[in-house]
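Treat the numbers as computed from the prediction; the structure is a model and nothing was measured. Starting from 1, each residue takes its place in the sequence as its number.
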Amino acid sequence: MKKYKIGFFGAGKMAEGILSAIENKGSVIMAERVSARAEELKKKYAVALTDDLKAVAQSASIIFLAVKPQDVDAVAAETKKFLTGSQTLVSIVAGKTLAKLRKAFGSKVKLVRVMPNLALRANAGMCAICGGRSTTKAEVAAVEKILGAAGETAVLKEKDFDVVTALSGSGP
């Protein structure tokens, strides 16, 4: 199986905003189960697409969790046994704390929580970032580099995310 640097569980509009800022799209694999959406992204960005979450879990080193909050547990149940300690799972899911993500995905994978705003889709975004306890500064910096291509980033403590969420929801 080909190794990819960046993977996505989900390929919605926020995932597309991140994808559009990634320079080497040949290093990306996305899992999307809506075939029309997958075809749209495949044509527009020439990235690898699959409907198999397991394929992403087994082949990417940094994986963006870009699904609806109510779908997180199902994605975790399908993928956590394939995730390893050498991977970083980056959640852009609103309202899912690092503790909830750890409970869902297990203790092996490194976690980073991100609160992006909609301007990310125009490469003018602002992303708050915090790493989990076992996530190194280098792993957080790798996520910052990816997201920095789509706007600004700020590393914060998770306790500040509620304020960021309130501000992000109030305007661009």
Side-chain angles (χ1 to χ4, degrees), residues 1 3-12 14-25 27-31 47 53-117 120 123 125-168:
M1 178 178 289
K3 290 290 182 186
Y4 294 91
K5 180 179 178 190
I6 301 169
F8 288 84
F9 293 151
M14 291 300 278
E16 183 179 4
I18 297 166
L19 173 64
S20 70
I22 296 171
E23 195 169 307
N24 179 7
K25 294 186 182 31
S27 70
V28 176
I29 183 169
M30 301 181 90
V47 296
L53 294 168
K54 180 177 114 179
V56 174
Q58 291 180 314
S59 64
S61 57
I62 298 173
I63 302 169
F64 284 87
L65 178 63
V67 298
K68 291 181 170 87
Q70 63 267 26
D71 295 334
V72 169
D73 289 336
V75 170
E78 193 171 332
T79 62
K80 80 177 182 180
K81 65 184 169 193
F82 303 105
L83 297 172
T84 70
S86 65
Q87 293 171 297
T88 303
L89 181 69
V90 183
S91 173
I92 65 169
V93 179
K96 293 293 183 180
T97 63
L98 289 169
K100 288 177 184 176
L101 293 166
R102 174 66 58 220
K103 184 177 179 185
F105 286 93
S107 61
K108 290 187 284 187
V109 68
K110 307 289 176 59
L111 294 174
V112 175
R113 184 176 175 200
V114 175
M115 179 48 55
N117 67 4
L120 178 83
N123 289 339
M126 181 65 205
C127 295
I129 301 171
C130 75
R133 273 189 243 129
S134 66
T135 308
T136 68
K137 288 182 180 185
E139 290 158 339
V140 171
V143 174
E144 271 191 286
K145 183 177 180 184
I146 293 165
L147 295 173
E152 300 294 319
T153 63
V155 177
L156 304 174
K157 291 185 164 93
E158 188 176 30
K159 69 178 180 67
D160 298 323
F161 268 50
D162 288 340
V163 173
V164 170
T165 302
L167 289 172
S168 290

For residues [X] and [Y], report the shortest heavy-atom separation together with the two atoms involved.
X: A57; Y: Q87; result: O-NE2, 2.7 Å
X: A31; Y: L53; result: CB-CD2, 3.6 Å
X: C130; Y: E158; result: SG-CB, 3.7 Å
X: A15; Y: A11; result: CB-CA, 3.9 Å
X: S20; Y: G17; result: OG-O, 2.8 Å
X: F9; Y: V67; result: O-CG1, 3.3 Å

Kindly compute the distance separating [atom1] ([X]) from [atom2] ([Y]), expressed to the nearest 0.5 Å.
X: I129; Y: E144; atom1: CD1; atom2: CD; result: 4.5 Å
X: L98; Y: L89; atom1: CG; atom2: CG; result: 10.0 Å
X: N117; Y: M14; atom1: CG; atom2: CE; result: 6.5 Å
X: M30; Y: E16; atom1: CE; atom2: CD; result: 7.5 Å
X: S86; Y: I62; atom1: OG; atom2: CD1; result: 11.0 Å
X: I146; Y: T153; atom1: CD1; atom2: OG1; result: 11.5 Å

Residue pairs passing the ring-ring contact (aromatic ring centres under 6.0 Å, His included) test where at least one lies in residues 56-104, sequence neighbours excluded: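 Sorted result for residues 56-104: F8-F64.
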In terms of heavy-atom contacts, does NZ of K5 have more than 12 from other residues, nucleotides or ligands at under 6.0 Å? no
Below 4.5 Å, heavy atoms only, C-beta onward: do [X] and [Y] meet side chain to side chain?
X: V90; Y: I18; result: no
X: V109; Y: I63; result: no
X: L147; Y: P116; result: no

Restricting to salt bridge (Lys or Arg N to Asp or Glu O under 4.0 Å), what partner residues turn up for K110, sequence neighbours left out?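 Expected list: E139.
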Taking only residues two or more places apart in sequence or in another chain, which ones pass salt bridge (Lys or Arg N to Asp or Glu O under 4.0 Å) with E78?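 Checked E78 against salt bridge (Lys or Arg N to Asp or Glu O under 4.0 Å); matches are R33.
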Pairs meeting criterion side-chain hydrogen bond (donor to acceptor under 3.5 Å, both in side chains) with involvement of residues 98-109, two or more places apart: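 Sorted result for residues 98-109: empty, none.
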Donor-acceptor pairs under 3.5 angstrom involving side-chain atoms of residues 69-76: please list them, not counting sequence neighbours.
none

Could you tell me which residues satisfy side-chain contact (heavy atoms from CB on, under 4.5 Å) with A128, sequence neighbours excluded, listed by chain and number?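 side-chain contact (heavy atoms from CB on, under 4.5 Å) list for A128, sorted by chain: M115, L156, F161, V164.
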